[in-house]
Structures are given as C-alpha cells and as structure tokens.
Amino acid sequence: MDFLKGISASYINAVKACFQLEIEQQDLSINETRKDFNGDFTFVIFPLVKQLKKSPLEIGNTLGNWLIVNEPKIVGFETIQGFLNVTLSDKFWLDTLKLITETLAFGTQPANNKKVLVEFSSPNTNKPLHLGHIRNILLGWSCSKILAANGYDVIKTQVINDRGIAVCKSMLAWQKFGNGATPESTSVKGDHFVGDFYVRFETEFKKEFELFQKSPQGIELLATQRKAEQDVDIFWKEYKNKYFNEYSLLGAEAKEMLLKWESGDEDTKSLWQTMNAWVYTGFNATYDKLGVNFDSLYYESDTYLLGKKAVEDGLIKGVFYRQDDGSVWVNLEDVGMDRKIVLRSDGTSVYMTQDIGTAQQRYEDFGVDKMVYTVADEQDYHFKVLFEILKRLGEPYAEGLHHLSYGMVDLPTGKMKSREGTVVDADDLVEEVINEARNMSSERGEITALPKDEQEDILRKIGMAALKFFIIKVQPKKRMIFDPKESVDMQGQTGPYIQNAYVRIQSIKRKAGKDILEDGWTMYVDLEEPEKALIKHLLIFPNVVKEAGEQYDPSSIANFAYNLAKAFHRFYHDVRILNAETEEAKAFRSKLSEEVGKVLFTAFDLLGIEMPDRM
RNA sequence: GGUUCCGUAGCUCAGCUGGAUAGAGCAACAGAUUUCUAAUCUGUGGGUCACAGGUUCGAAUCCUGUCGGGAUCACCA
C-alpha cells in the first residue's frame, strides 16, 4: 500500500539496469519536487556520483532516459545539478486515486493483535482540571486513536489520585467551613466545589502561618534559624513545609485525617467517598465536553500499597538491596542514573514502588504488550528509572514501555501558578472558545436557518476545534505558550480553517446530486497542478499515520491535515468543480474532493476533533 | 554543580532518519467574489536557523563545546 515504494522501486531498477548497481530502499532519498522546478518527485543522485565516478548530469540523464522507456508511469524528467526530477503520467495519478478510493479505511492499518494501554489525564481529586490537563488529555486521547489506527488494540486508562494529604485538606476544610453545603445546594460543579475547599484550606493555613510568624515563638525561630543574609520572606517560604508538619494546627488535623483514612475510619471514608463522588461528576462533565472517555480506571486508593511484593522479588533477584536501616534501594549508577529508594526503612512504599506494582497489576489485568504513560516532562527522570527497574525485574512488557512526555504549558505572562491565580480552568476555557465561535458565526450567518440545537452543536465543534488544534499542533516535547487570544483564532492555521475545507466538500456533495457519472472520473486527462498536489498529499497519509504512531506524535497529523486543507482551499479556488469544463473533470474533481473530505475527517478523528457538515 | 529537554521571521509554530534559493499562520500593507460557503485565495515586506568549531560533495538537521531558558537530581507525590 506504500505508493512511494512503487516509484522508488522504479528508480532502484533503473540504477541496476543502467549501472549494474544494487541499492537499498532505505539509502535512496525521494522527495516531492520543490514547486519552483518541473516534476512531481525528485531523486537525489549525489550518493551515486562517488560510486560511479560519473558526473551527476550524466547519471541523471541515463537514469531518466531509462525510466521514460521502461516505466510507463514516468513520462518526463529533468536533471538539475544532482537532482533527478521525474514527472508522472496522468494514469499514475488516476490509478493512485483509484487505489485510494478502493482502500477500506484508507490510512489505517489492519489489526496487529497487539495490545497497548495508554494512560492519560490522571488528575488529583482536590482540584478541577486546568489547561495543563487539557494538553495531557488531548495528547493521550489522540495517541490512543493513532495507535488504534496502526492496528493496536488500545485500552485507555487513567490513575486517579484520590487519596493523600491534599485530598484530606479539602475534606477538612469542608468539615470545618462547609456548613453541610453540597454542589447541589450551591449549584457549583462538583470538582470546582471541592477545589474551592482546597483553596479555603490553603487560605486558612496561610492566615495561621502568618500569625505564627508574628508570635513570640515565630520571632524567636526567625532570629535563631535564619541564615545570615537570608531574606526573611525566603526563610518563611522554605520553612512552610516544616511549619505544616511540626507546628500547624490545621496541618496536624489534616495529617490526623490522613491517618484515620489509612486506618479505615468509617466516618472519614464516608466523607471521602462523598466528596470524591462530587469530583467525579464534575470531571465526567469536563471529559464529555472534551469528547474523551476511558476503558478502565485505576484509583490510587487501590494501588498505593501495591509493589511491595515486587520489592521482595527484586531483592531475591538481586535487583534491589537492603540497607542496614531496613530501607530498600536500587542502584542504577552503571547506566548513568543514581540510587533510588523503593521501600522506606519503616517498610512503607514510595511513588516508585506504587508505579512498579501498578504496572504489574495492569499486565495482569490486560496482558498488554505496550504501555504508554502520558505525563509531563518534569517526570522524565522518574520514568527512566521506573522503566529501567521494570526491565531489570524481567517484566514481559518492559521493552514496550513509553513515556509520552510533554512540555509544560505557559501563558504569555509566564508560568501558570495556582498561588497567583493564573491557572486557566478547563471548563472556563471550553466555554470561552465556544462563545468566540458564536461571535464569529453570528457575523456570517451561514447557519442561522438551522434549528437552535443544531447550531449549538456546530458552534461547539468549531470552538473545540480551535482550542484542540491550537494545542495539538505543537510537538509534545516542546514547551508551548498558550495565548488565549490566539487559541480562539479561526482563520489561517487553525482547526476551523480545516473544518471549513471539509464543510466546503460536504456542501459540494449535497449539491452534486446524482448526475455525476460514477466512473466518469477515470477518463479524465491533463490533470491540473492543484489536483496532482491533492493526490500527492493523500498518498502520504498512511505514512503520516504510521510515523505518528511510531513517534507518539499527534502534531505530525495536525500538520498534515493543515497542509491538505490548504491544498484543497487552493484547488477549490483555482478550478470549478460542479461547473467543470467537462463531465469527466466534474466527476474527477467531485471524487477527489470526496476523498480529501474523508481523509480530513479521519485525520481530525485521530486528533480527537469533530467535523461539522456546515459552518 | 550532574543529567536532560528546548533555542528557526516582531509573535505562535513547521521543517530535524543530512539534499536545491529555510517555510506556514498571526500581525502590517496591497489586491481577488455577477459563478460550488470569503472561517477562502493571491501578492509585498520580514531570517547571522542562539554562538563557535567539526564530519560531509552538501548541515537548521549529525558530533563537540559555549551561551541563554525550562525540568530534574528527597526515606515528597
């Protein structure tokens, strides 16, 4: 199904026939011919120059002449410097388009009988989702889709961090200041409701801490503990954690609540369940708006004790070692990492232990070949260590582990900081982009005749496309700057621009009716440049999907979709489709448009973006 | 400090398994519609691809170093 391979094969044959030289597929380079030269594809012949000791021009012309005579699909060539530009026949383009139309689910691969588990989102239950989560969720979701398109059986999952001191903080704040309020009684979305109590805790704690700083005890502490030259504010900032653990009343209460939770205290558990249920209702509403879902869920409250058995096994295998104080470690210095603790001296586990156990649990649950973790790049080192440990433990899936690492999202004003209230809330953002779509749409009036709910559905699709495309078009590993103003742009390199290409195609399909000859297009001759350009784009789609899967990189699909849409808009502008010069041209262009529409739809689906039929 | 990622136009980003004169979008300016959706198209201006070496016929792309920015280096998660 690799169309480019056919062309490459011709070249390989030519080299063999003309120069008795065997070259491999991988060491020949074929590119699309740059637009300022004649031709469709370009072979670079410099690599042959050295071996053959002939001039590039001579080699190019020899190969070109051979190709014209022996390869019917090649009808012209031109050698410029070390480049052989070949022109392909109309028949080649028509055949290519025919093959594309006949290929079921063009661009995707058949099932490969391999299972991959993709983890993404994985929020904490003490705060609502924000912009950072959105990048994570879009990447994870898109990656799942892309892997599925590459033949994998994909299981989408997340581990919900539903326990720990942070969760206890919001519980405690609700207990102390909530007066029995609920999301229902206040009409506040559940996750925001709970998040507000987390913030309330932090506010109260801050007050308490400030009072402490002014108390005799605090003054003495500052006098005795502060290092010379140290800024007073910085001293307290650094002391905050210690204060929380050793002096704070609120801190003590929160910690006590955590202990109660861990010992299974019924009242605590019941409050915890109630509040988490509120959060999940809120999260699910956000997931719905983002158009994502999960096949399985892991809760940290179930997994946080996992991994201890793995540590036992690892000790026996010699992967880990026990220190005199009883703590267990792994030494990874031989591969350039350091020593990491996997079990504390009191026998409790750390994050790493939990992750080892969870990985094993997932393998037991699903028997996967691969696992993808969508987690921000601040945890690069953690995953390097985790994967190395799992490898040493001899886990069967160890070679299939991948950390889908992505850079943080910054605002034009700098980093998002919850303390400074600059965190962009996911729900607010979604609402904002849809409102912007509404504004843009009202200026145009294209959809005003539709029923209200249909209009809303379209506006939702347009707004979400703007937001999602803006985020997903950036390579995951790159840190990105999120400018809210730009994210709602709907012109140029944006989601709505691509949707617009699709919508134009749907409009043509509606108007075309049935008077188009079904196979008339195969008789079309003398293809126009924009038509060839479209077929060229279509034909690389399967490679783009494959590559995106191998690289875990949705941004390449986003760029492809943009380029295809751009080529279509150009085509649409340059040639008449339904009013074409001939019936053959009309049939051909309709067919071509339809295929472009299908590919745009598929590409956007792989990105988790919906297409409207009108806009 | 060690490790690691990033640095391309005023701004946001492509291009990175080495190939021709480094591309888009935004912003600015000038145009295009009696005709399939103008959320479109065409054009103009805008570059020391952070810097310096190296490898190569050829480097934004690979290697080394320097500078700048981020992350990370807990018996935290």
Side-chain angles (χ1 to χ4, degrees), chain A residues 26 29 31 33-34 36-37 42-47 49-50 56 80-83 85 124 161 164-166 241 300 304 323 325-329 336-338 340-352 354-355 376-382 384 405 407-408 410 412 415 437 440-441 443-444 446-447 462 466 470 473-475 477-483 485-487 489-501 503-512 547 555-556 558-559 562-563 565-566 568-570 572-580 586 589-590 593 614-615:
Chain A
Q26 63 263 24
S29 91
N31 304 307
T33 302
R34 292 173 64 106
D36 18 67
F37 296 95
T42 296
F43 296 102
V44 182
I45 50 190
F46 283 112
V49 171
K50 211 184 236 173
I80 296 174
Q81 299 177 36
F83 302 94
N85 301 327
N124 300 324
N161 300 295
I165 193 72
N241 221 17
E300 197 199 357
Y304 81 110
Q323 272 189 358
D325 61 4
S327 59
V328 179
W329 296 72
M337 294 180 248
D338 57 13
K340 276 300 226 190
I341 192 162
V342 291
L343 215 54
R344 295 191 188 101
S345 50
D346 64 3
T348 55
S349 40
V350 292
Y351 192 32
M352 192 65 74
Q354 216 183 108
D355 274 358
D377 64 6
E378 58 191 350
Q379 294 197 34
D380 282 355
Y381 186 65
H382 173 78
K384 260 180 90 174
S405 166
M408 295 287 179
D410 289 331
K415 283 190 191 182
M440 298 293 286
S441 178
E443 287 174 20
R444 288 170 227 286
E446 286 286 349
I447 60 170
I462 296 172
F470 186 76
K473 73 173 182 187
V474 181
Q475 269 180 34
K477 73 175 174 185
K478 292 205 180 175
R479 209 179 167 88
M480 67 172 289
I481 296 177
F482 183 91
D483 187 337
K485 284 203 298 288
E486 285 181 29
S487 72
D489 276 351
M490 308 208 170
Q491 282 161 16
Q493 196 177 35
T494 66
Y497 171 96
I498 298 164
Q499 288 179 322
N500 184 230
V503 162
R504 284 176 147 183
I505 293 166
Q506 302 321 300
S507 175
I508 287 170
K509 280 172 66 179
R510 281 193 298 270
K511 291 194 172 149
E547 191 122 323
S555 75
S556 55
N559 281 300
Y562 171 68
N563 289 326
K566 193 174 153 70
F568 180 79
H569 280 306
R570 174 80 185 263
Y572 184 87
H573 178 267
D574 286 359
V575 305
R576 314 303 309 163
I577 299 167
L578 295 178
N579 306 326
K586 178 177 166 185
R589 288 170 190 162
S590 302
S593 301
R614 300 165 203 265
M615 66 193 288

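Letters A, B, ... are given to chains in the order of the sequence lines, protein chains preceding strands, and every chain is numbered from 1.
Between Arg589(A) atom CZ and Asn579(A) atom CG the span is 10.5 Å, to the nearest 0.5 Å. For the atom pair Lys566(A) NZ and Arg570(A) CZ, the distance stands at 8.5 Å (nearest 0.5 Å). The distance from atom NZ of Lys473(A) to atom CD of Gln493(A), rounded to the nearest 0.5 Å, is 4.5 Å.
In this structure, Arg589(A) does not reach the C36(B) phosphate: none of its side-chain N or O atoms is under 4.0 Å from OP1 or OP2. Close to U37(B), at under 4.0 Å from its OP1 or OP2, lies a side-chain N or O of Lys511(A). Distances shorter than 4.0 Å separate some side-chain N or O of Arg344(A) from OP1 or OP2 on A77(B). For Lys50(A), a side-chain nitrogen or oxygen approaches OP1 or OP2 of C57(B) to under 4.0 Å. OP1 or OP2 of U37(B) lies within a sub-4.0 Å distance of a side-chain N or O belonging to Ser507(A). Considering only side-chain N and O atoms, Gln491(A) lies nowhere under 4.0 angstrom from the phosphate OP1 or OP2 of A38(B).
Residue Met615(A) places its side chain closer to A39(B) than to any other of A39(B), A20(B), C41(B). When the nucleotides C5(B), A20(B), U40(B) are ranked by their closest atom to the side chain of Lys477(A), C5(B) comes out on top. Of the candidate nucleotides A14(B), U37(B), A77(B), U37(B) has the atom lying nearest to any side-chain atom of Tyr572(A). Nearest to the side chain of Thr33(A), among C11(B), A39(B), A20(B), sits A20(B). Checking U12(B), G19(B), G25(B) against the side-chain heavy atoms of Ser29(A) singles out G19(B) as nearest. In this structure, the nucleotide among G19(B), A39(B), G70(B) sitting nearest to the side chain of Phe46(A) is G19(B). Of the candidates U37(B), C13(B), A71(B), C13(B) carries the atom nearest the Met480(A) side chain, counting heavy atoms from C-beta on. Checking A39(B), C13(B), U37(B) against every side-chain atom of Arg504(A), the shortest atom distance belongs to U37(B). The nucleotide whose nearest atom lies closest to any side-chain atom of Phe83(A) is, among U35(B), C41(B), A20(B), A20(B). When distances run from any side-chain atom of Arg444(A) to the nucleotides A39(B), G19(B), C73(B), the shortest one goes to A39(B).
Residue Phe37(A) contributes atom CZ, which lies 11 Å from atom C1' of G19(B) at whole-angstrom precision. The CE atom of Met490(A) sits 18 Å away from the P atom of A38(B) (whole-angstrom rounding). Rounded to an integer number of Å, the gap from Gln493(A) CD to C13(B) P is 11 Å. Atom CG in Asn31(A) sits about 10 Å away from atom P in C16(B), given to the nearest Å. Residue Asn500(A) contributes atom CG, which lies 14 Å from atom P of C36(B) at whole-angstrom precision. Between the CG atom of Asp489(A) and the C1' atom of C11(B) there is a distance of 12 Å, rounded to whole Å. Put simply, CD on Glu443(A) is 13 Å from C1' on A38(B), counting in whole angstrom units.
Heavy atoms of Met408(A) sit nowhere under 4.0 angstrom from any nucleic acid atom. Residue Leu578(A) is in base contact, counting any heavy-atom pair closer than 4.0 Å across all strands shown. Across all strands, Val575(A) comes closer than 4.0 Å to base atoms (heavy-atom distances). At the heavy-atom level, Ser555(A) lies nowhere under 4.0 Å from the strands shown. Across all strands shown, Asp355(A) has no heavy atoms under 4.0 Å from either base or sugar-phosphate atoms. Among the heavy atoms of the strands lying under 4.0 Å from Tyr497(A) are primed sugar atoms or P, OP1, OP2 only; no base atom is included. Contacts of Arg34(A) with the nucleic acid, taken as non-hydrogen atoms under 4.0 Å apart, include base atoms. Base engagement by Arg576(A) is indicated by at least one non-hydrogen atom pair under 4.0 Å involving a base atom. Residue Val350(A) is in sugar-phosphate contact alone, with no base atom involved, counting any heavy-atom pair closer than 4.0 Å across all strands shown. Counting non-hydrogen atoms under 4.0 angstrom, Ile462(A) reaches a base of the nucleic acid. Among the protein residues, Glu378(A) comes within range of the sugar-phosphate backbone only, with heavy atoms under 4.0 Å from sugar or phosphate atoms but none that close to a base. No contact: Asp483(A) has no heavy atom under 4.0 Å from any strand. Using a 4.0 Å heavy-atom criterion, one finds that Lys478(A) contacts the bases of the nucleic acid, with or without backbone contacts as well. Within the nucleic acid shown, Val474(A) comes within 4.0 Å of sugar-phosphate atoms alone, with no base atom in reach, counting heavy atoms only.
Defined by atom type and a distance below 3.5 Å, a donor-acceptor pair is missing between the side-chain atoms of Asp489(A) and Thr494(A).
Distance noted for atom C1' between U33(B) and G46(B): 30 Å (whole Å).
Electrostatic pairing of Asp36(A) and Arg34(A) counts as a salt bridge here, judged by a charged N lying under 4.0 Å from a carboxylate O.
Under 3.5 Å, the side chain of Thr494(A) and the base of A39(B) form no donor-acceptor pair of N or O atoms. Contact annotation: side chain of Asp338(A) to base of A74(B), donor-acceptor pair absent below 3.5 Å.
Using a 30° and 60° split on the angle between ring planes, Tyr497(A) and Tyr562(A) fall in the tilted class, from 30° to 60°.
Asp574(A) CG: more than 12 foreign heavy atoms inside a 6.0 Å radius.
Consecutive Watson-Crick or G-U pairing (both distances under 3.5 Å) extending over three or more pairs maps onto RNA chain B as B:1-7 with B:67-73, B:10-13 with B:23-26, B:28-32 with B:40-44, B:50-54 with B:62-66.
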